[in-house]
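Only one structure is covered here, and it is reproduced in the block below.
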2 protein chains.
Amino acid sequence: MAKGAQTREAIVDTAVELAFRVGLGGLTIGELARAQQMSKSGLFAHFRSKEALQLAALARARETFVDLVVRPALTAPRGLPRIRELFERWLDCGRGGVPGGCLFVKAATEFDGQPGALRDQLAQDHQDLFDTIGQVCRSGVSVHQVRPDVDADQFAHDLYGVMLVFYLTHRLLADPAAETHARASFETLLDAVRTEAA
Amino acid sequence: MAKGAQTREAIVDTAVELAFRVGLGGLTIGELARAQQMSKSGLFAHFRSKEALQLAALARARETFVDLVVRPALTAPRGLPRIRELFERWLDCGRGGVPGGCLFVKAATEFDGQPGALRDQLAQDHQDLFDTIGQVCRSGVSVHQVRPDVDADQFAHDLYGVMLVFYLTHRLLADPAAETHARASFETLLDAVRTEAA
DNA sequence: ACAGCAACCGTACGATCGTGCGATTCTGTG
DNA sequence: CACAGAATCGCACGATCGTACGGTTGCTGT
């Protein structure tokens, strides 16, 4: 009983790694089976459709991202430290090529034009992330480190933009200045929302 | 002689539209032939490999983007008007679902992990766009509307981030506030670089 | 108008796709 | 140790993938 779940986990892990390179759509059961050193049918039996496999990979990526980025950030002190923690860990996630948050970005642009369960889940996840960022921003207001008149949604939007362009310049262009630029953008963003006291 | 080039153009146009939905990697010769109402082999003869077809589609997307966004912006007066024109036309391009600049973003995240000619071309195109934005920014300095101490590369980076998150919120989330947020981000960006005189 | 060539089609190929099914091996329990 | 059920495999299926080749059509330049 434990065995099945165990291999399933291993498969999903490999699927995330593979999808991180070729996209969720480019994911192939045959190649996945080869990478996992088992038969196509044996692998396929764990999921009962390709879409289920893709959804499982997406779920795993989400959990990884939450574990590595969101949850640790939420344990940091409210206000600027928490925002900083979120940003830094997010940056780490993209820099190290950890297939977590990265897969979201890739999948998001991949499926934004194809209705279906994948797209719906993607949209939900992104909305959740936006909400989380907004929440982190608002919690900064309660400790008087963030100005009470800032638009938290707008802040979430802007921060996400910084991360998106970081991924692009880092992964596609391999621009060594990607991180420097991202940090600069982030500090500017922070300056615009923080109180004088902070 | 004109006939061949004509159908080739039509094919590429359809390819761009199709790739705009399913991605450059999801592009299929069979489906493309069906959409174009001609045989697979007849279509294939125009390109001699799938990669060539993808590169052709990418080139067409680039031309469209340059025609609709870059070139018109460069005819606007130097300084803030030119920056504004670039932004507005870019926004139009994404809002209307015009498969031009949008395809770049999709393809960029799709191929950022797969070495090859596609990836190289994508990187080149994005680098060119970054350079163009930087140039537009610098030309604003010469007419004293942009502060001479601004980092043009950083500005290009930030503007690109605004566009990326706009695409995401507009296309994936179908957020009606996407444009409002993008405009707000843009104005903040502009305020940070403009001189008091402007 | 006719020769020649570009454009296009039909068909075929090996490979791989996602998905089923029956048989086999493994594993945990009484 | 025997047995039940889970886990995995081998094999097959129809479809579609990218690519090739030889024949047919139709346009074009002289």
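Just so it is clear, the structure is predicted and the values come from calculations on it, not from any experiment. Throughout, a chain's letter reflects where its sequence line sits, starting with A, and its residues are numbered from 1.
The interatomic distance linking A:Arg48 (CZ) with C:dC21 (C1') rounds to 13 Å, in whole Å. Distance CD (B:Gln6) to P (C:dA7): 11 Å, rounded to an integer number of Å. Rounded to a whole Å, the CG atom of B:Leu32 is 13 Å from the C1' atom of D:dG18. Atom CZ in B:Arg34 sits roughly 13 Å away from atom P in D:dA15 (whole-Å rounding). Regarding B:Lys3, its NZ atom lies at a distance of 10 Å from the C1' atom of D:dT25, rounded to whole Å. Atom CZ in A:Arg8 sits roughly 12 Å away from atom P in D:dT8 (whole-Å rounding). A straight line from CD of A:Glu9 to C1' of D:dA7 spans 16 Å, rounded to a whole angstrom. Between the C1' atom of C:dC8 and the CD1 atom of B:Ile29 lies a distance of 15 Å, rounded to the nearest Å.
Applying the 4.0 Å criterion to OP1 and OP2 of D:dT16, one finds that B:Thr28 has every side-chain N and O outside that range. Regarding contacts with the backbone of D:dT8, a side-chain N or O of A:His46 is found under 4.0 angstrom from either OP1 or OP2. Dashed line: the shortest gap from a side-chain N or O of B:Lys50 to OP1 or OP2 of D:dG18 is under 4.0 Å.
No side-chain N or O of A:Gln124 forms a donor-acceptor pair with one of A:Asp120 less than 3.5 Å apart. Using modelled atom types and a 3.5 Å distance limit, the side chains of A:Gln135 and A:Asp131 yield no donor-acceptor pair.
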Could you list, one pair per line, each protein nitrogen or oxygen that sits under 3.5 Å from a nitrogen or oxygen of nucleotides 9-11 of chain C, together with the distance?
| residue | atom | partner | partner atom | Å |
| --- | --- | --- | --- | --- |
| C:dC9 | OP2 | B:Ser39 | N | 3.0 |
| C:dC9 | OP2 | B:Ser39 | OG | 2.9 |
| C:dC9 | O5' | B:Ser39 | OG | 3.4 |
| C:dG10 | N7 | B:Ser41 | OG | 3.0 |
| C:dG10 | O6 | B:Ser41 | OG | 2.7 |

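Listed here is the closest heavy atom pair of A:Leu103 and A:Ala61: CD2-CB, 3.8 Å. When all heavy atoms of B:Arg82 and B:Leu74 are compared, the closest pair comes out as NH2-O, 3.3 Å.
Taking the six-membered ring for Trp and the full ring otherwise, the centers of A:Phe166 and A:Trp90 sit at least 6.0 Å from each other.
The residue B:Leu27 sits close only to the backbone: its heavy atoms come under 4.0 Å of sugar-phosphate atoms, none of a base.
In terms of modelled atom types and a separation under 3.5 Å, the side chain of B:Thr195 and the main chain of B:His144 share a donor-acceptor contact.
Salt-bridge check for B:Arg21 with B:Glu31: failed, with every basic side-chain N at 4.0 Å or more from each acidic carboxylate O.
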